[in-house]
Amino acid sequence: MRDDWGYLCVLLLLFVPVGLWTTRRRSSKPLPGPKPLPIVGNIRDLVFEHECEVYARWSETYGDLIYFEVLGQPLLYVHSSEAAHDLFDKRSSVYSGRYITPMMKLMGLADWPLVIMDYGSLWKKHRKIFHQRFEPRRAAEFHPLHASATARLLQNLAKTPEDFYKHYRHMAGSVLIETTYGIKVDKEDPLLSLAEEAIQAFSDISKPGAFFVDIFPILRFWPEWAPFGSFKKQALSWRQMLKDLREIPWAIVKQRLGSGKASNSFATSMLTETIEGEITMTEYDFQGAAATTYGGTYLSRLDPHCLSLTTTFTLAMMLHPEIQKKAQEELDVVIGRRRLPQLTDRPSLGFCDALLKESLRWSPPVPMGVPHLLGEDDIYRGCKIPKGTIVFANTWAILHDKRFFANPESFDPDRYVKNPELPDPKASGVFGFGRRICPGRHLAETLLWLAMVRILHSFSIRTDGDRSECPHLFESGFTR
Ligand code: HEM
């Protein structure tokens, strides 16, 4: 009898896991997506030009979830607000990781900036400081800074309107540096150049396949002096540049604080305020958090997000003079000609608000979002999504969903006036999803609104070129 029990136990040990494994496999359907090739998977299905539009078209065939595997790396593209909400918001404890490439690690980018950090205790600490400083009530302390930066923008535009792109760029960059460190910068400031260098580095490391080490991580042990070691030299030189980015402005703030000359900023608040909760932060952590706003937002091209929105809005105004006129009429009635619009005017400027929403919807600044990494195997709609999947929210597709937005390609702010219940782009992916949603969104949104209404109040935007000669309005890329 005892022998029979032993035999049964061995059988159970052998077959139960296999049974569970096969039931689990059978119970989960394959995820929809194009058929992979052996070994390389869906490498030929990767799209690098206008991918959000192309994948949105594919979603008409596959549905709102498209799954790929490229050289063993699972990728999932999400195309509806429902699925994005279910995965990123409702299951955010497992859909909040980030994929850090070997090249990023070589550059010392694993423990900062926040946007790149993987989900875990360090990320939680940093996120808490951001929340404490940039939640709407505290972000309001930066409103005077927004007012002066947008007034400076108007002066610059009046002098050289043809350089509008440069002026937008300066406004976004200088606001971020002043918000972070309380340091005023002019156009040629070395702090701006340092941040520009960081943008270039990030743009280089973001190009898929640009560095072999990202495809064959073992190469990270390759010595820099050996043949083909130039990637390692490059990584080390960028590492030094990023160290400067963290340390130089931080040292300026500390010195000013010591001599009582520092203005209120994110950095001074970290140095002088206690952080709520049981959090211990080192100076290195603080430097990284500050540099996340200054360099890191540049670095991850988040500052260009602000820039891209102002540019999108300018393009929309060139293409639609009648919409521009309508917004200017509203400004004339509510504000008049004797003063500039202020943030407090916002509740009375319904059409201008709709204009900002439509600009964000029409061309979201980060059209494919910042990808999240899935931390555990998951089952969704009966399909298994494996741990380690990189999950993209196709924000462009979500904001061009015909079920909500009639003629989604057309620029029509009135859609929000006629139907205020339409999904607001701010809550539908423009600033991301779940626990990783952009902590700078309140700051960014108020600055952009103020810049937009002040430009419309002071100038008329038009082009002397032929408006019909705009076959491709937007370039593809991480930001627009
Ligand atoms: C129009 C302007 C902006 C847009 C469209 C934008 C958009 C985004 C998006 C899509 C993400 C990724 C969210 C996700 O992973 O789901 C993000 C993250 C982030 N943004 Fe923004 N952003 C803007 C401005 C800013 C500004 C001004 C700051 C700095 C104050 C900022 C700080 C950050 C940080 C630190 C993260 C990383 C959050 C994390 O990974 O936990 N952003 N932003």
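Counting begins at 1 with the first residue of the sequence. Every number for a ligand or one of its atoms is a count from 1 in the order of the listing.
Counting heavy atoms closer than 4.0 Å to ligand 1, residue H372 contributes side-chain atoms (C-beta onward) but none from N, CA, C or O. Only the side chain of W123 comes within contact range of ligand 1, with a heavy atom under 4.0 Å; no backbone atom does. Within the 4.0 Å heavy-atom criterion, the part of L448 lying near ligand 1 is the side chain and not the backbone. Contacts between T179 and ligand 1 below 4.0 angstrom, taking non-hydrogen atoms only, are absent altogether. Heavy atoms of T293 found under 4.0 angstrom from ligand 1 belong exclusively to the side chain. Proximity of R98 to ligand 1, defined as any heavy-atom pair under 4.0 Å, is confined to the side chain (atoms from C-beta onward). Counting heavy atoms under 4.0 Å from ligand 1, residue F431 touches it through both backbone and side chain. Under 4.0 angstrom from ligand 1, the non-hydrogen atoms of A444 all belong to its side chain.
Each of the atoms 11 (C), 12 (C), 15 (O) of ligand 1 lies under 4.0 Å from some heavy atom of V370. Taking a cut-off of under 4.0 Å to the non-hydrogen atoms of G432, the atoms of ligand 1 that pass are 10 (C), 13 (C), 14 (C), 16 (O). Near P365, with a cut-off below 4.0 Å to any heavy atom, the atoms of ligand 1 are 5 (C). Residue-ligand proximity, V430 to ligand 1, at heavy-atom distances under 4.0 Å covers atoms 5 (C), 7 (C), 10 (C). For ligand 1, the atoms sitting less than 4.0 Å from at least one non-hydrogen atom of T292 are 35 (C), numbered in the order shown with element in parentheses. Near F433, with a cut-off below 4.0 Å to any heavy atom, the atoms of ligand 1 are 16 (O).
Remark: distances from the non-hydrogen atoms of G369 to ligand 1 are all 4.0 Å or more.
At least one N/O-N/O distance between R127 and ligand 1 falls below 3.5 Å. Considering backbone and side-chain N/O atoms, V366 never comes within less than 3.5 Å of an N/O atom of ligand 1.
For the residue pair E69/Y67, the side-chain donor-acceptor check at 3.5 Å is satisfied. Residues T150 and R454 have side chains that bring a donor and an acceptor to within less than 3.5 angstrom of each other.
Aromatic ring orientation, H79 versus Y55: perpendicular (interplanar angle above 60°, classes split at 30° and 60°). Aromatic ring orientation, W238 versus F211: perpendicular (interplanar angle above 60°, classes split at 30° and 60°).
Taking 4.0 Å as the cut-off between side-chain N and carboxylate O, D86 and R381 do not count as a salt-bridged pair. Ion pair K384/D378 not flagged as a salt bridge, since none of the NZ, NE, NH1 or NH2 atoms sits closer than 4.0 Å to an Asp/Glu carboxylate oxygen.
Remark: side-chain polar atoms of D345 are paired, donor with acceptor, to backbone N or O of Q342 under 3.5 angstrom. For S265 (side chain) and T180 (main-chain N/O), a donor-acceptor pair under 3.5 Å exists by modelled atom type.
A cation-pi contact links R361 to F405, judged by a cut-off of 6.0 Å to the six-membered ring centre and 45° from its axis.
Of the options D163, T311, T314, T310, a side-chain hydrogen bond (donor to acceptor under 3.5 Å, both in side chains) to Y168 is made by T314 and by none of the others.
Surrounding CD of Q255 are at most 12 heavy atoms belonging to other residues, nucleotides or ligands under 6.0 Å away.
Looking at K426, M368, R436 and measuring to atom 40 (O) of ligand 1, the nearest heavy atom belongs to R436.
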